[in-house]
Amino acid sequence: MPRAPRDWEPGGLYLLSPKGNDARNVFLDDDERAEMLKRCNAVLREHNVLVIGFCFMDNHLHFLVRADACDLSAAMHVLLGGYARWWNNQHKRKGHLFESRFHASHIRTELHFLTAVRYVDMNPVAAGMVAKPEDWKWSSYRAHVGLERPVAFLANAEFLKYFGRTRTQAIANYLRLVSAWRPPDPSGRTAKPRGQWPR
């Protein structure tokens, strides 16, 4: 029996996390991440997906998106399907590269938002891939804190609006949020952000 289509709340915030099938790596090197970046710039912009955060790991990706005038399911189908066909052709493979349905978490509270935003940009640090988030070029962190211009599909100005009325204030507030991050304890939990949503 086919699964019911997802019902995206207009204007709702979601954390989308496509994962490699059987936990396999979907990126074997930075050239493959660059290919995905190129496809994001084309597909996500064409489908009017408002992305305010992202991170490309080894066996999964994260997209923090706002469901405005777009069909997130259709956009991800085109993006992931196109990349999977390209990847299989490159490696002379067949079959599913990604899990059949990507994980989507609906962000409903300020605390969930702050936790998700920080989680996405700090994922490479938490995984031990880099020591500092600015050392990972395949995420939104460097653009979020003003170290580089955002890639075409990243709505960085929209992201900063959640953290302050001016760009300077927003970056300072976000840096404070990130600086409070601590590595997961042995139970796998990370410290939750405290306080009110920055304005």
Side-chain angles (χ1 to χ4, degrees), residues 1-9 12-107 112 115-130 133 136-141 143 150-155 159 184 188 190:
M1 182 177 178
R3 285 176 295 202
R6 281 175 162 146
D7 186 19
W8 305 104
E9 178 183 291
L13 288 168
Y14 294 87
L15 178 58
L16 311 182
S17 302
K19 298 178 180 179
N21 197 29
D22 295 326
R24 78 171 56 161
N25 284 353
V26 297
F27 302 118
L28 302 184
D29 56 35
D30 282 350
D31 288 340
E32 293 184 355
R33 290 187 180 86
E35 176 67 22
M36 176 59 83
L37 199 69
K38 181 178 72 174
R39 289 172 180 272
C40 287
N41 280 331
V43 174
L44 298 182
R45 293 174 71 201
E46 179 183 349
H47 286 258
N48 298 312
V49 179
L50 194 145
V51 180
I52 60 174
F54 75 94
C55 187
F56 299 167
M57 299 292 284
D58 286 339
N59 64 359
H60 67 281
L61 308 83
H62 295 296
F63 296 102
L64 190 59
V65 304
R66 198 170 71 204
D68 291 347
C70 68
D71 183 340
L72 291 175
S73 296
M76 296 305 288
H77 176 76
V78 173
L79 175 66
L80 301 179
Y83 177 81
R85 288 189 293 274
W86 173 86
W87 194 93
N88 280 342
N89 184 61
Q90 292 292 113
H91 296 283
K92 312 301 181 199
R93 293 180 62 99
K94 294 182 180 180
H96 296 290
L97 177 63
F98 292 97
E99 289 182 349
S100 59
R101 200 175 205 190
F102 61 89
H103 179 74
S105 177
H106 190 179
I107 298 170
H112 191 183
T115 302
V117 166
R118 191 170 67 178
Y119 170 78
V120 169
D121 279 346
M122 294 301 292
N123 207 187
V125 179
M129 300 170 79
V130 291
W136 189 251
K137 63 181 291 188
W138 306 105
S139 80
S140 44
Y141 179 82
V151 293
F153 71 89
L154 180 65
F159 169 83
T190 55

(message) Any non-hydrogen side-chain atom of W87 less than 4.5 Å from a side-chain atom of L28?
(response) yes

(request) With rounding to the nearest 0.5 Å, note down the distance linking OH in Y83 to NZ in K38. (result) 11.5 Å

(message) Are L13 and I52 packed together at the side-chain level, in the sense that at least one heavy-atom pair is separated by less than 4.5 angstrom?
(response) yes

(request) Please answer whether the main-chain N or O of G20 pairs with a side-chain N or O of N25 as donor and acceptor at a distance below 3.5 Å. (result) no

(request) First locate atom CG of L79, then atom CD of E46, and finally report the distance between them rounded to the nearest 0.5 Å. (result) 11.0 Å

(request) Check whether any side-chain heavy atom of F159 sits under 4.5 Å from a side-chain heavy atom of L154, and report yes or no. (result) no

(request) Measure up the F153 and F56 rings against each other and bin them: parallel (under 30°), tilted (30 to 60°), perpendicular (over 60°). (result) parallel

(request) Indicate the atoms forming the closest heavy-atom contact of M57 with A127, along with that distance. (result) CE-CB, 3.7 Å

(message) side chain to side chain contact (heavy atoms under 4.5 Å, CB included), that's the test. Do D68 and N48 meet it? Break it down for me.
(response) CA-CA 8 Å; D68 291 347; N48 298 312; over 6 Å; no

(request) Mind checking the CE-CG spacing from M76 to L61? Nearest 0.5 Å is all I need. (result) 7.0 Å

(request) State, with a plain yes or no, whether a side-chain heavy atom of F63 is found less than 4.5 Å away from one of L44. (result) yes

(message) I'd like to know whether the aromatic ring centres of F102 and Y14 sit less than 6.0 Å apart in this structure.
(response) no

(message) Please report the interatomic distance OG(S100) to NZ(K19), rounded to the nearest 0.5 Å.
(response) 12.5 Å

(request) Check whether any side-chain heavy atom of D58 lies under 4.5 Å from a side-chain heavy atom of M129, and answer yes or no. (result) yes

(message) Please evaluate residues W8 and C70 with respect to the criterion side chain to side chain contact (heavy atoms under 4.5 Å, CB included), reporting the C-alpha separation (whole Å), side-chain torsions for both, the decisive distance (0.1 Å), and the verdict.
(response) CA-CA 9 Å; W8 305 104; C70 68; over 6 Å; no

(message) Which heavy atom of N88 sits nearest to which heavy atom of G95, and what is that distance?
(response) ND2-O, 2.9 Å

(message) Taking NE2 in H77 as the centre, count heavy atoms belonging to other residues, nucleotides or ligands within less than 6.0 Å. Is the count above 12?
(response) no

(message) Rounded to the nearest 0.5 Å, what separates atom CG in L37 from atom CD in E35?
(response) 10.0 Å

(request) May I ask you to check whether W138 and D30 show a side-chain donor-acceptor distance below 3.5 Å? (result) yes

(request) Can you see which heavy atom on A116 is nearest to which on L15, and at what distance? (result) CB-CD2, 4.5 Å

(message) Could you report the tightest heavy-atom contact between A23 and N59, atom names first, then the distance?
(response) O-ND2, 3.4 Å

(request) Work out which heavy atom in N123 is nearest to a heavy atom in C55; give both atom names and the distance. (result) CB-SG, 4.4 Å

(message) Please determine whether the number of non-hydrogen atoms from other residues, nucleotides or ligands lying under 6.0 Å from atom NE2 of H96 exceeds 12.
(response) no

(message) Given 3.5 Å as the limit, does a donor-acceptor pair link the side chain of D29 with the main chain of D31, or not?
(response) yes

(request) Check whether any side-chain heavy atom of W86 lies under 4.5 Å from a side-chain heavy atom of L97, and answer yes or no. (result) no

(message) Checking the side chain of S140 only, and the main-chain atoms of F54 only, is there a donor and an acceptor separated by less than 3.5 Å?
(response) yes

(message) To check you understand the geometry: which heavy-atom pair defines the closest contact between P133 and V125, and what is its length?
(response) N-CG2, 3.5 Å

